[in-house]
Amino acid sequence: MAKVEFTTPELREDRANPQLVEGAMSHSSPYLASADHQKDLGFPGELVDGWQQKAVAKLGELLDKNRALRVYLDACVKCGACTDKCHYYLGTGDPKNMPVARQDLLRSVYRRNFTLMGKIAPGLVGARDLDEELLDDWYKYFHQCSQCRRCSVFCPYGIDTAEISMAARDIMDHIGKGQKYCNEIIGKVHKIGNNLGLPEAALIDTMEGLEEDVEEETGVAVKYPVNQEGADVLLITPSADFFAEPHVDGLIGYGKVFHQAGISWTVSSYASEAANFAMFIGSYEQMHKVALRIRKAALDLGVKRIVFGECGHAWRVAYSFLNTLAGPWDFLDPKYPVPQHILEVTHDLIRRGALELDPSANDDKVVTFHDSCNVARASRMGDMPGGQFEIPRAVIKAAVNRFVDMPEDTICDKTFCCGGGGGLLTDDLLELRVKGALPRMEALQEVVDKHGVTHMAAICAICKSQFTKVMPFYGFDMDMVVSVHQLVGDAIQLGAKE
Ligand code: SF4
Ligand code: SF4
């Protein structure tokens, strides 16, 4: 893909009001899952006989289970408030990437099969039979939705396109038209324990390497334990943290925080993944199976608390569903909420004066912050409303002297998706990912121009991976992306509290 040009304010303005380009992304389609990718998930792996009827039956089942889905499909009044709120529409100009148009791909089938008017006068109410052409659009355009929920913030009825997109993907998996990337990753978690397929020996090797690096850098022996029975904290973190920059710098920071606070901790090689990609395909059964690994690891290791590392959708699943999926957690220490986010832990320690941070250690940086969608719009942190916005900023401000927020209409609950969430972080969707990053890149460019921002901090493994990949297309250095706990780790004065 060619570099994206948007360096002038006029061009940026132009991009924010895209020309409609019918079919602009009709060629974009992720690789299909094969029987091999789906074999451990109980999905058929190829389009089944009678798929139309089976798809409608599955939709009926989802409508019975999830009343919100029916409300979302019934409530739209076509007011248009959501149309220009999706980063994929803004980045591509394809009208089928307007949230309401995306919803209508499923709504038309709902109306045809589950409403009276749709049955007797389909043409009057936009009702349609599910045929091959429509299924093809489902597959393409429900894989151009990162389930970021930005559109729902602007919808007067709160219609959540993410739920509709999850339902469509769930139906497609059940009729044998699943997406390779998500299905393959969920299979790896079932078999090995993490998305990357890192075996126990590789994890131990990585963590021992970190111990050596940190001791060499600081002169302090900080432990990075694996499968440590009786540790206080089980850290569940995205496997990217064990593997790549800038994620691993965040993991280094978590270890330094636990060390200075005197909290014993461990990761588990059995549950070595915070991410739960089953949410992206809308499968409660698969989400449940993935979450149960965390329960087993916590019981086997005899820990007292569970803390999640920096990952957006992992925190959404943990915050919203972990208790339902894998509770009760009555074997853990009741003093602590289940689960906790690493930012809540660090924030609390900072407030209590248990960490010694020197923000001047980051004086080579002017930092901005990217709110991750699944933290900002689908979960909470701390015990106050808006904690998910304030806690990350409070931690960053304790670790750096120069912090600048991005423009107000692009932060907190109005944040733009990085462009790679919702199971789209795959190279077969690179064009979509680059184009979908446009609104966030424009906001970043604005604070670079106005305030000399040098770094963008994030708290999500997908955001970090997506940004490091797509930022060079916009002329930014991929090294601008940092983990929040990298900033904390660099500022922490090890030894000061010992
Ligand atoms: S949930 Fe996000 S990606 Fe999906 S349609 Fe809405 S704004 Fe677009
Ligand atoms: S803002 Fe809500 S009601 Fe209006 S068109 Fe979009 S989904 Fe429909």
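Remember, it's 1-based here, ligands and their atoms both numbered in the order they're listed. Quick note: numbers below take in every heavy atom, side chains included, and nothing from hydrogens, waters or symmetry partners.
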So, does Gly80 sit close enough to ligand 2 that a heavy atom of it is under 4.0 Å from the ligand?
yes
Does some non-hydrogen atom of Pro156 fall short of 4.0 Å from ligand 2?
yes
For the residue pair Trp315 and Tyr319, categorise the inter-ring angle as parallel (less than 30°), tilted (30 to 60°) or perpendicular (more than 60°).
tilted
Would you call the rings of His485 and Tyr254 parallel, tilted or perpendicular, taking 30° and 60° as the class edges?
perpendicular
[atom]: which protein heavy atom is closest, and how many Å away?
atom                    : answer
atom 2 (Fe) of ligand 1 : Cys148 SG, 2.4 Å
atom 5 (S) of ligand 1  : Arg102 NE, 3.3 Å
atom 8 (Fe) of ligand 1 : Cys86 SG, 2.4 Å
atom 3 (S) of ligand 2  : Val77 N, 3.5 Å
atom 6 (Fe) of ligand 1 : Cys151 SG, 2.3 Å
atom 4 (Fe) of ligand 2 : Cys79 SG, 2.4 Å

Establish, for the pair Lys180 and Tyr31, whether the NZ or CZ atom is under 6.0 angstrom from the six-membered ring centre and no further than 45 degrees off its axis.
no
Give a yes or no on whether Cys82 keeps an N, O or S atom under 2.8 Å from atom 2 (Fe) of ligand 2.
no
Considering only heavy atoms of [X], which atoms of ligand 1 have at least one such atom less than 4.0 Å away?
X      : answer
Ser146 : 3 (S)
Cys145 : 1 (S), 3 (S), 4 (Fe)
Arg149 : 1 (S), 2 (Fe)

Does the side chain of Met384 come within less than 4.5 Å of Glu390's, by heavy atoms?
yes
Contact between Cys86 and Cys151 at the side-chain level, heavy atoms closer than 4.5 Å - yes or no?
no
Non-hydrogen atoms of Met98 versus ligand 1: any pair closer than 4.0 Å?
no
Crowding at [atom1], [X] (>12 non-hydrogen neighbours, <6.0 Å):
X     : atom1 : result
Asp49 : CG    : no
Lys78 : NZ    : yes
Glu46 : CD    : no

Is the shortest side-chain N to carboxylate O distance from Asp405 to Arg393 below 4.0 Å?
yes
I'd like to know if Asp173 and Arg169 make a salt bridge, using a cut-off of under 4.0 Å between side-chain N and carboxylate O.
no
Reported CD1-to-CD1 distance for the pair Ile171 and Ile281, which is rounded to 0.5 angstrom
13.0 Å
Please could you name the atoms of ligand 2 that [X] approaches to less than 4.0 Å, counting only its heavy atoms?
X      : result
Gln103 : 7 (S)
Ala81  : 1 (S)
Val100 : 5 (S)

Residue portion contacting ligand 2 (non-hydrogen atoms closer than 4.0 Å) for Tyr157
side chain
